Chemist: 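Pasting in a structure now, in structure tokens, and then I'll have a few things to ask.
Source: prediction; values computed, not measured.
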Amino acid sequence: MQPAVVIESSDGVRIPVTLAAARHSDLLNSMLEQSGGSLEDCIPIPHRHEDLQRVVGWLEQHRNDEPFVRPTRITLVPPKIELDEWEIKFFTMQSNSSAHRDSLFTTARIAVFMGIESLIMRTGLFVAETLKEMKNDDDVRQFLGVPDDLTDDEKKEIELKMAFLDPSVSC
């Protein structure tokens, strides 16, 4: 693999990225365009190399895909996105425990920083699908890492106020 771009993590590790993969990142693509197509210096990215390796792995997996093009006008129909088997495994490996969940959200933050629209959208889709499958608020809280700071009385009050949303609840 002949790297076109080398990114450097906050802990000093240099990671090569092919030109085809770099085209999926607005940040890398913009820097390549400004430099005339090749960069001699490393691009510093303020994240640990383990986290950057995951994102570069995703970029390399999708290097032959068409880069996502943001619509030029607002549309009511969002683009159809489906996760393939590799992506489901990629995201699932990052969400099985709280440490892995943190890596999932770190992947999303890096995707936003680097302007990787496809990865942003696919991470969001995975999180949305995961939350949709959860059966109760405790599972959602645990997945999102949100502490349960409501008292039993506050929970009961919320249940009463929201009872109209669930026809099976009788007050």
Side-chain angles (χ1 to χ4, degrees), residues 1-75 78-134 140-147:
M1 170 174 86
Q2 257 322 340
V5 179
V6 177
I7 60 176
E8 185 171 350
S9 65
S10 58
D11 50 357
V13 177
R14 293 177 176 209
I15 304 166
V17 182
T18 62
L19 179 60
R23 294 283 177 212
H24 288 278
S25 164
D26 292 343
L27 174 72
L28 299 180
N29 201 29
S30 174
M31 294 184 91
L32 280 166
E33 286 174 359
Q34 290 176 5
S35 70
S38 68
L39 293 169
E40 295 185 20
D41 295 328
C42 290
I43 300 169
I45 306 288
H47 289 279
R48 297 173 321 137
H49 75 276
E50 296 91 351
D51 301 322
L52 289 177
Q53 279 294 151
R54 271 193 312 279
V55 172
V56 169
W58 187 92
L59 286 170
E60 294 297 345
Q61 177 70 22
H62 293 277
R63 70 181 169 271
N64 296 323
D65 296 356
E66 282 295 316
F68 177 79
V69 178
R70 183 176 287 130
T72 55
R73 61 186 184 95
I74 297 176
T75 176
K80 180 73 172 153
I81 302 171
E82 292 183 17
L83 300 177
D84 61 31
E85 266 185 61
W86 184 89
E87 286 177 315
I88 292 169
K89 184 177 177 184
F90 175 81
F91 290 126
T92 302
M93 287 175 26
Q94 296 182 64
S95 66
N96 288 338
S97 69
S98 63
H100 289 117
R101 180 203 64 237
D102 291 344
S103 75
L104 176 68
F105 292 118
T106 298
T107 297
R109 282 191 297 277
I110 294 170
V112 169
F113 179 82
M114 294 179 68
I116 308 169
E117 292 294 328
S118 278
L119 182 54
I120 294 167
M121 292 178 69
R122 285 172 163 78
T123 305
L125 176 62
F126 177 81
V127 169
E129 292 294 326
T130 302
L131 292 173
K132 229 169 44 172
E133 293 173 7
M134 294 185 175
V140 172
R141 254 199 284 312
Q142 183 180 359
F143 179 75
L144 296 175
V146 176

Chemist: Which atom pair, heavy atoms only, marks the closest approach of R48 to S10?
Modeler: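 Heavy atoms of R48 and S10 come nearest at N-OG, 3.6 Å.
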Chemist: Return a table of donor-acceptor pairs under 3.5 angstrom between the side chains of residues 118-125 and protein atoms on other chains or two or more places apart.
Modeler:
residue	atom	partner	partner atom	Å
R122	NE	E87	OE1	3.3
R122	NE	E87	OE2	2.8
T123	OG1	L119	O	2.7

Chemist: Measuring from atom CD1 of I45 to atom CD1 of I15, what distance do you get when rounded to the nearest 0.5 angstrom?
Modeler: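 If we round to the nearest 0.5 Å, I45:CD1 and I15:CD1 are 9.0 Å apart.
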Chemist: Quick check: do T130 and F91 have side-chain heavy atoms less than 4.5 Å from each other?
Modeler: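 They are not in side-chain contact.
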Chemist: Heavy atoms only: give me the nearest D11-E50 pair and the separation to one decimal.
Modeler: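 Shortest heavy-atom separation between D11 and E50 comes out as OD2-OE1, 4.1 Å.
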Chemist: For R109, which residues count as a side chain to side chain contact (heavy atoms under 4.5 Å, CB included) partner, sequence neighbours excluded?
Modeler: F105, T106
Chemist: Could you report the tightest heavy-atom contact between A22 and V17, atom names first, then the distance?
Modeler: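 What the structure gives for the nearest pair is N-CG1, 3.8 Å.
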Chemist: What are the two closest heavy atoms between I88 and T92, and how far apart are they?
Modeler: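 Scanning both residues, the minimum pair turns out to be O-OG1, 2.6 Å.
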Chemist: About how many Å separate CZ of R14 and CD1 of I7, when rounded to the nearest 0.5 Å?
Modeler: 12.0 Å
Chemist: Specify the closest pair of heavy atoms between W86 and G57, including all atoms of both residues, with the distance to one decimal.
Modeler: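 Closest pair (atom of W86, atom of G57, distance): CH2-O, 4.0 Å.
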Chemist: Determine yes or no for a side-chain-to-main-chain donor-acceptor pair under 3.5 angstrom, with E60 supplying the side chain and A21 the backbone.
Modeler: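 Side chain of E60 to backbone of A21: no pair is present.
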Chemist: If you round to the nearest 0.5 Å, how far is CD of E129 from CE of M134?
Modeler: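 Output value for this atom pair is 12.0 Å.
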Chemist: Working to the nearest 0.5 angstrom, can you tell me the gap between H24 NE2 and N29 CG?
Modeler: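 So the gap between those two atoms works out to 10.0 Å.
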Chemist: Nearest 0.5 Å, what's the CD1-OG distance between I110 and S25?
Modeler: 11.5 Å
Chemist: Would you say the side chain of V55 lies within less than 4.5 Å of the side chain of T107, judging by non-hydrogen atoms?
Modeler: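 In contact.
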Chemist: Could you state the interatomic distance from CG (L52) to NE2 (H47), rounded to the nearest 0.5 Å?
Modeler: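 Atom-to-atom, L52:CG and H47:NE2 are 7.0 Å apart.
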Chemist: Contact between D84 and H62 at the side-chain level, heavy atoms closer than 4.5 Å - yes or no?
Modeler: yes
